[in-house]
Amino acid sequence: MTGNPAATFIQARAIEQANARLQADLEQDYQRLGELLTRNGIEIDSVTNAVAAFEVAIPSWGVGTGGTRFARFPQPGEPRSVFEKLEDCSVIQRLTGATPRVSLHFPWDQTGDIAGLKACADELKLGFDAVNSNTFQDRPGQTQSYKFGSLTHTDPAVREQAIAHNIECIKIGAQLGSKALTLWIGDGANFPGQQNLARAYERYLESAAKIYAALPSDWRLLIEHKMYEPAFYATVIQDWGSSLMAAQTLGPKAFCLVDLGHHAPNVNIEMIVSRLVHARRLGGFHFNDSKYGDDDLDAGSIDPYRLFLIFNELVDAQWRKTPDLALAHMLDQSHNVTDPVESLMSSAIELQRAYAQSLLVDRRTLDEYQQDNDALMASHTLKRAFTTDVQPILAMARMRRGAAIDPIGTYRSSGYRAACAARRPANLSFGGGIV
Ligand code: LRH
Ligand code: MN
């Protein structure tokens, strides 16, 4: 795998040189924040260590330029294969230190050389998180169409094809070291009456049980619900209730995955998170942000307080000693107007920010205000943590992991994108869709 631009352009030395210029100011800011937190009984290094240990997976489909049904405006140096996608993912990991794993999507990341893919990832010091199946698109040579659904299709031949594809994804994932399958299906209806809502759900449970039975013992099935799109009247796994009932029906290896963009505007997602934690069935997240629909915008770019409130529920669950809260954190975004590498780096950092702020919540005091029904002071206690500028903690966590104090600045001065543009002839397909 010679000529890997990530190794060439984002060298440790370049990161050290860039950090050297910023280190003194960082240490000053860090010390000042440390003094402030000490006054509130918080040891800054304990927060920095927790942030440094926080990891989120990169969606392989996120490093290419995304688009909408109207258009896609590719940019220079787009990755043309899963191998080039891994190169870009390793740049994000080198500069943030927070994204050591990649979540693949099949058949988008199909390659006849799975062993080569594993070797490439090993060389780039990347691992693989949950694999994603795809029974929401037909591909050339496919015998059964998914036009009217996949795992819930009325025709058993279509369901069998979809089940076989998911089992194939598990097999590939197992070769790559993944430990989970994310199962999102677009199955549903566009017209009232088009589908028997109850029977469709029963077909889902029957099909998903066959996929569940194929899971290796140490794997998990992550069920992803979504309110609408591509179905615009009813979606079989439309909400957290449908997902939770399915997980509880399938078995102990089935969990619910919360994609932030899969809810109606203003839905209280942190409440859903709290309920799934209570049910011991919260399996992970697809982080992104949205203003209207499943916009797949950068995490924390529209409503950072909502992101904070979600992490606040996770930290509160830890504080209440909720057992076995092992979560798969993943980003799931579509980058239509920014450099995907930059957007994914800043999104990973926005998750770290929300996590760090959640660790600053004075939970004992908050608990007292809640017991006393002092609504205002309870709200203020949360807001105080949210309004604390934790930037020095985030940068220090990166520096201590050998990553960049200023990832975007270091990336831009590395010339990586321009080098990729020279190395990867433009794929000028202006088609629609996410990839
Ligand atoms: C569906 C979804 C799902 C992926 C796809 C790329 O909207 O969130 O997680 O398979 O996006
Ligand atoms: Mn998703």
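Start at 1 and go down the list; that is how both ligands and their atoms are numbered. Nothing here was measured: the structure is a model prediction, and the numbers come from that model.
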- Select the closest option to atom 3 (C) of ligand 1 among M330, E229, E224, judged by heavy-atom distance. E224
- With atoms numbered from 1 as shown, which atoms in ligand 1 lie under 4.0 angstrom from a non-hydrogen atom of K226? 1 (C), 7 (O)
- Quick one: angle H286 ND1 - the Mn ion (ligand 2) - D332 OD2, to the nearest 10°? 100°
- Query: Which heavy-atom pair separates D138 from Q144 by the least distance, and what is that distance?
  - Reply: OD1-O, 4.2 Å
- Any idea which atoms of ligand 1 are less than 4.0 Å away from a heavy-atom of D294? 7 (O)
- Task: Begin from the C-alpha positions of N288 and D298 and carry the test side chain to side chain donor-acceptor pair (under 3.5 Å) through to its verdict.
- Result: CA-CA 5 Å; N288 47 54; D298 294 10; over 6 Å; no
- Which ligand 1 atoms, with their elements, are less than 4.0 angstrom from a heavy-atom of H105? 4 (C), 6 (C), 10 (O)
- Task: Give a yes or no on this: more than 12 heavy atoms of other residues, nucleotides or ligands lie within 6.0 Å of atom CZ of R199.
- Result: no
- Query: Any Lys/Arg nitrogen of D367 or R320 sitting under 4.0 Å from an Asp/Glu carboxylate oxygen of the other?
  - Reply: no
- Query: Purely on distance, is any nitrogen or oxygen of D296 under 3.5 Å from one on ligand 1?
  - Reply: no
- Task: Using a strict cut-off of 4.0 Å, indicate which atoms of ligand 1 neighbour a heavy atom of D259.
- Result: 8 (O)
- To the Mn ion (ligand 2), the closest N, O or S atom belonging to E224 is OE2
- Message: So that I can tick it off, tell me whether E342 and R417 are bridged by a salt bridge, with the cut-off set at under 4.0 angstrom between side-chain N and carboxylate O.
- Response: no
- Message: Would you say the ring centers of F386 and Y305 fall short of 6.0 Å from each other?
- Response: yes
- Query: Looking at the rings of Y233 and F191, which for Trp means the six-membered one, are their centres under 6.0 Å apart?
  - Reply: no
- For ligand 1, which atoms, with element, lie under 4.0 Å from some heavy atom of H286? 9 (O)
- Heavy atoms only: which of W108, W184, W61 is nearest to atom 1 (C) of ligand 1? W184
- Message: Checking the N or O distance criterion of under 3.5 Å, is ligand 1 in contact with N132?
- Response: no
- Message: I'd like the atom name of the N/O/S atom in D259 lying closest to the Mn ion (ligand 2).
- Response: OD2
- Message: Can you confirm whether the side chains of E55 and H329 place a donor and an acceptor under 3.5 Å from each other?
- Response: no
